[in-house]
Amino acid sequence: RKSMRILITDCASLTSGGDLSLEPLKKYGEITEYGNISRAELLKDVADKDIVLCNKTVIDSEVINAAPNLKYIGVFATGYNNIDITLAKQSGIAVCNAGSYSTNAVAQQVIAYILLHYTNIPRYNEFVKEGGWKRSPVFSPLVFPTDEVAGKTLGIIGYGNIGKAVEKAAAGLNMNVLVCTRTVRENGVTRFTDFDTLLKNSDIITLHCPLNKQSENMMNEEAFSKCKRGAFFINTSRGGTVDETALLNALKSGRLSGAAIDVLKEEPMSEDCVLADAPNIIITPHTAWAPLSTRRRLLSITCENIDSFLNGKSKNRII
């Protein structure tokens, strides 16, 4: 089998301080790796490569046209909106993603957001660390409101692997679940509904849909205005699904009791991000997918995809 020339464009998003070895990829050929490749480096280095492996690096028409030998693009992610799929297909380039590698990790983060919001654990912890309990005249100082999640309605928008995992976890917490998805496949258990009905009836709303023309800015001023007053909003999908100014306004007005987001339209966060100082918001830096065990699985799936491609088969292939 011919040795491949491989370019890895953003290793820094896959391994932190060398905690994950990329050694398994070396069996496929000569590797050129960057922590976070610049546009100029990408256009220069892609010219003679057979394989490009990336996470969020934009592989657009300019890059594809600069890579006459390119045969395969592997995405270290589930989403692939950073790839010009149309041109890749026209150019005979295979594109594979990593399927459901992060299902468990993202689902657990969604549940963690919900529990943090309704238990107020971070605020109580801070209260104790600052000496509040020592000064309390009672054994249980009820200084912050808490609530049970049992009986609350969780609205899930998007019903892929992660949406289904969140539904299962929510059921374990005795929550009610509503699901809005483009393609409804009745299973006799899930309560499917339309977008507006979900917004109106959900105590918690969580997004698990891909970013496309239909989902871009789907959570806008109009959508937030239809939400149940005091709802809690979660986004671990893509930043582009949310109008960030509309989210800020919904938090300021009290329409939402809080929000938790792992994604922004511009990443890393820009200096002028409107959500940076928003009230009642938890922001994590796109890390829901990234536990070490999850990244190990991601690397393993990536290798399986390459093996399959090189053997003339198809696994996790987008085109």
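Everything numeric here is computed off the predicted structure, so don't read it as measured data.
- Among residues at least two apart or in separate chains, ring pair (Phe, Tyr, Trp, His ring centres under 6.0 Å) pairs with a member in residues 102-130 are H117-F232, Y124-F144.
- In the displayed structure, Y80 atom OH is contacted under 6.0 Å by at most 12 heavy atoms of other residues, nucleotides or ligands.
- A salt bridge does not link E267 with K56: none of the charged nitrogens is closer than 4.0 Å to a carboxylate oxygen.
- Residues forming a side-chain contact (heavy atoms from CB on, under 4.5 Å) with K168 (at least two apart in sequence, or on another chain): none.
- A 4.5 Å side-chain heavy-atom check between L42 and V52 finds every atom pair outside the cut-off.
- The backbone N or O of V184 sits nowhere less than 3.5 Å from a side-chain atom of T181 that would complete a donor-acceptor pair.
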Item to complete: For the pair K27 and D307, evaluate side-chain contact (heavy atoms from CB on, under 4.5 Å) and give the outcome as yes or no after the intermediate values.
Response: CA-CA 10 Å; K27 67 181 178 182; D307 280 329; 3.9 Å; yes
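- Under a hydrophobic clustering in which Ile, Leu, Val, Met, Phe, Trp and Tyr are joined whenever their side-chain heavy atoms come within less than 4.5 Å, directly or via other members, L173 and I234 fall into the same cluster.
- With respect to K129 and E126, no salt bridge is recorded, no charged nitrogen being found less than 4.0 Å from a carboxylate O.
- Residue R185 qualifies as open at atom CZ: its count of foreign heavy atoms under 6.0 Å is 12 or below.
- Under the 4.5 Å side-chain heavy-atom criterion for ILVMFWY residues, a single connected hydrophobic cluster contains both I156 and M175.
- A search for side-chain hydrogen bond (donor to acceptor under 3.5 Å, both in side chains) contacts involving Q90 returns nothing, not counting sequence neighbours.
- A donor-acceptor pair is defined here as one N or O able to donate and one able to accept, closer than 3.5 Å; such a pair exists between the side chain of T302 and the backbone of L298.
- A donor-acceptor pair under 3.5 Å is absent between the side-chain atoms of S136 and the main chain of W133, judged by distance alone.
- For the atom pair CG of D48 and OG1 of T32, the computed distance is 7.5 Å after rounding to the nearest 0.5 Å.
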Item to complete: Decide side-chain contact (heavy atoms from CB on, under 4.5 Å) for N201 and K228; before the verdict, give the C-alpha distance in whole Å, the side-chain angles of both, and the deciding distance to 0.1 Å.
Response: CA-CA 6 Å; N201 291 283; K228 192 173 183 179; over 6 Å; no
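- Annotation: side chain of M219 is not in contact with side chain of N235 (no heavy-atom distance under 4.5 Å).
- Annotation: side chain of I306 is not in contact with side chain of I6 (no heavy-atom distance under 4.5 Å).
- One distance of note links CD1 of I73 with CD1 of I85; it measures 7.0 Å at 0.5 Å rounding.
- Between K71 and I51 there is no side-chain heavy-atom pair separated by less than 4.5 Å.
- Considering only heavy atoms from C-beta on, L248 comes within 4.5 Å of P279 through its side chain.
- The salt bridge (charged side-chain N to carboxylate O under 4.0 Å, His left out) check on K49 picks up nothing, with sequence neighbours excluded.
- Two residues are said to be in side-chain contact when any heavy atoms from C-beta on lie closer than 4.5 Å; T241 and I157 fail this criterion.
- For the atom pair CD1 of I319 and OG1 of T86, the computed distance is 8.0 Å after rounding to the nearest 0.5 Å.
- Nearest heavy-atom pair across P24 and C303 is CB-SG, 3.9 Å.
- No side-chain donor-acceptor contact under 3.5 Å links S91 to the backbone of I93.
- Looking at S215 and N212, their side chains do bring a donor and an acceptor atom within 3.5 Å of each other.
- A donor-acceptor pair under 3.5 Å links the side-chain atoms of S38 to the main chain of E41, judged by distance alone.
- N305 approaches C96 most closely through the heavy-atom pair ND2-CB, 4.0 Å.
- Relative to the six-membered ring of F309, K315 misses at least one condition, a distance below 6.0 Å or an angle of at most 45° to the axis.
- Residue pairs meeting the salt bridge (Lys or Arg N to Asp or Glu O under 4.0 Å) criterion with at least one member in residues 5-16, sequence neighbours excluded: R5-D50.
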Fill in: Residue pair F192, V179: steps toward the side-chain contact (heavy atoms from CB on, under 4.5 Å) verdict
CA-CA 5 Å; F192 293 101; V179 172; 3.7 Å; yes
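- Using modelled atom types, one side-chain atom of D60 and one backbone atom of V63 make a donor-acceptor pair closer than 3.5 Å.
- When all heavy atoms are compared, the tightest approach of T78 to G99 is OG1-O, 2.7 Å.
- With values rounded to the nearest 0.5 angstrom, L199 atom CG is found 9.0 Å from F224 atom CZ.
- In this structure a side-chain-to-backbone donor-acceptor pair under 3.5 Å is present from R295 to A290.
- There is a path of hydrophobic side-chain contacts, each under 4.5 Å, that joins I8 to L310.
- In this structure, N82 contributes its side chain and N55 its backbone to a donor-acceptor pair below 3.5 Å.
- Taking CD1 from I318 and CG from N97, the interatomic distance works out to 3.5 Å, rounded to the nearest 0.5 Å.
- Contact annotation: the side chain of E304 approaches that of S300 to within less than 4.5 Å [non-hydrogen atoms, C-beta and beyond].
- Judged purely by distance below 3.5 Å, without hydrogens or angles, the side chains of D194 and T197 pair a donor atom with an acceptor atom.
- M269 approaches A276 most closely through the heavy-atom pair SD-CB, 4.1 Å.
- Considering CG of N104 and CD1 of I162, their distance stands at 9.5 Å, rounded to 0.5 Å.
- When all heavy atoms are compared, the tightest approach of P291 to Q108 is CG-NE2, 4.4 Å.
- Atom CZ of R182 has 12 or fewer neighbouring heavy atoms from other residues, nucleotides or ligands inside a 6.0 Å radius.
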Please report, to 0.1 Å, the donor-acceptor pairs under 3.5 Å made by any side chain of residues 145-155, with sequence neighbours excluded.
from, atom 1, to, atom 2, distance (Å)
D147, OD2, K152, NZ, 2.9

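- There is no path of hydrophobic side-chain contacts, each under 4.5 Å, that joins M4 to V46.
- Side chain to side chain, T190 and E167 meet the donor-acceptor criterion of an N or O pair below 3.5 Å.
- Counting heavy atoms of neighbouring residues, nucleotides and ligands inside a 6.0 Å radius, atom CD of Q214 exceeds 12 of them.
- L14 is connected to Y72 through a chain of hydrophobic side-chain contacts under 4.5 Å among Ile, Leu, Val, Met, Phe, Trp and Tyr, so both are in one cluster.
- For the residue pair D262 and T236, no side-chain donor N or O sits within less than 3.5 Å of a side-chain acceptor on the partner.
- When each of L247, T245, D243 is paired with V274, the side-chain contact (heavy atoms from CB on, under 4.5 Å) condition holds for T245 and for no other.
- Residues A165 and T103 share a closest heavy-atom pair of CB-CG2, 3.6 Å.
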Worksheet item: Step by step, would you call F233 with V242 a side-chain contact (heavy atoms from CB on, under 4.5 Å)?
Response: CA-CA 11 Å; F233 175 73; V242 177; 3.7 Å; yes
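- Here the side chain of N65 pairs a donor or acceptor atom with the backbone of S61 at under 3.5 angstrom.
- Contact of the I59 side chain with the D84 side chain is not registered, since no non-hydrogen atoms from C-beta on lie closer than 4.5 Å.
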